[in-house]
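Right, one structure below, let's go through it.
Predicted model, so just to flag it, every value in this text is computed and none were measured.
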Amino acid sequence: MASTRQANSDFASRLATSKDSVRPTLISDRVYELLRQAIVEGDLAPNERVVESEIARRLGVSQAPVREAVKQLAREGLLVHVPRRGNFVVEISTEHAEYARQVREPLERLAAQLAAGHVTDDQLRELEELVEQMHQAVAMNDVGRFRDIDIAFHTRVSQIAGNPFLTRMWEVLEPSLRALRAIADPLFDGDWHAMADEHGRLVSLLRDGDPAKAAEAFADHSAGRSPVPDRRARRKSKPSSR
């Protein structure tokens, strides 16, 4: 309970010190960044209620940009709206997310292995277009859209594989991957353009037609062994100052 009060105090302090930087613009993007950072760093704890009117009051802005920021965070899966109660920070089971990734990895490996053997030029162009849409989503700072496109990319690869049972298994697993952030994690703290480029590399491997190399790359990608660095991992590895 004491840690929750401390987190609330830290978040209130952040809002107070950010007030002047938000007032001149009055745009939801800045409010979104503040709220997202608070969730990433734990100032807003899982299951904590996010009160739009209170945030707007502390920042000295109207509720409209706060409401837009909250909607965007909900689309990304970081907040959940509970009818008649409000918006809350989503709590994710790390253990369950890891279980989901363990199931995803062999499915992705098999999908890439099969797809690399017979992918067509038209299908490659489809995947390349999805990669370009990822870059567009990053340019618009729309992580929710990036997630949707990322999931569509991997769904399409499972379809290109040509095994209807594999496609059916992916369709069963996909909602859990999305809910548990085990695919296109919205808390990823790195270069989102580089993450889009990583998907472009996966397309290139499918084009090369080497099933073994494509399978290994997709497996690494799905298991979180991507070459794109995530600053969260670096922070976790730092020794505590206590």
Side-chain angles (χ1 to χ4, degrees), residues 75-78 90 92-138 140 142-188 190-228 230:
R75 286 196 301 270
E76 294 175 10
L78 297 180
V90 172
I92 297 295
S93 167
T94 302
E95 183 180 32
H96 286 178
E98 183 56 32
Y99 288 155
R101 290 189 191 94
Q102 288 174 359
V103 177
R104 177 190 175 192
E105 182 177 349
L107 290 182
E108 292 265 20
R109 182 187 294 275
L110 178 59
Q113 179 183 337
L114 296 175
H118 60 253
V119 63
T120 67
D121 288 341
D122 286 344
Q123 290 167 339
L124 288 168
R125 280 192 289 272
E126 282 184 64
L127 296 175
E128 288 170 341
E129 174 59 26
L130 289 173
V131 173
E132 178 56 32
Q133 290 177 25
M134 288 182 191
H135 282 295
Q136 293 170 4
V138 177
M140 295 185 294
D142 192 340
V143 176
R145 176 161 171 72
F146 189 103
R147 293 188 77 212
D148 289 341
I149 300 166
D150 193 343
I151 292 169
F153 177 96
H154 291 279
T155 299
R156 188 69 186 107
V157 172
S158 76
Q159 295 166 347
I160 292 171
N163 184 322
F165 289 95
L166 171 62
T167 303
R168 194 178 308 166
M169 292 176 69
W170 175 264
E171 290 172 348
V172 170
L173 181 62
E174 184 264 311
S176 295
L177 293 173
R178 181 189 292 266
L180 292 168
R181 303 180 198 150
I183 184 170
D185 185 356
L187 292 179
F188 170 69
D191 187 337
W192 285 90
H193 277 300
M195 184 59 73
D197 286 337
E198 167 64 6
H199 285 80
R201 184 179 74 90
L202 295 177
V203 176
S204 296
L205 288 169
L206 292 177
R207 179 183 288 105
D208 291 344
D210 186 325
K213 286 185 178 179
E216 192 65 27
F218 271 80
D220 286 344
H221 177 86
S222 62
R225 298 187 293 269
S226 167
V228 183
D230 187 336

Test: Arg125 and Glu129 ion pair at under 4.0 Å: no
Residues in salt bridge (charged side-chain N to carboxylate O under 4.0 Å, His left out) contact with Arg225, at least two apart in sequence or another chain: Glu105, Asp220
Contact check, side chains of Arg75 and Arg145, non-hydrogen atoms, under 4.5 Å: no
Residues which pass salt bridge (charged side-chain N to carboxylate O under 4.0 Å, His left out) with Asp150, listed by chain and number, not counting sequence neighbours: none
Residues which pass salt bridge (charged side-chain N to carboxylate O under 4.0 Å, His left out) with Glu132, listed by chain and number, not counting sequence neighbours: none
Arg147 (side chain) donor-acceptor with Glu76 (main chain) under 3.5 angstrom: yes
Asp142 CG to Met134 CE distance, which is reported to the nearest 0.5 Å: 13.0 Å
Partner residues of Phe146 under the ring pair (Phe, Tyr, Trp, His ring centres under 6.0 Å) criterion, sequence neighbours left out: Trp192
Side-chain ion pair, Lys213 and Glu216, N-O less than 4.0 Å: no
Test: Arg156 cationic atom under 6.0 Å from Phe153 six-membered ring centre, within 45° of axis: no
Sequence-distant partners of Arg101, side chain to side chain contact (heavy atoms under 4.5 Å, CB included), two or more places apart: Ala97, Glu98, Ala182
Residues that Glu171 engages under salt bridge (charged side-chain N to carboxylate O under 4.0 Å, His left out), provided they are two or more places apart: none
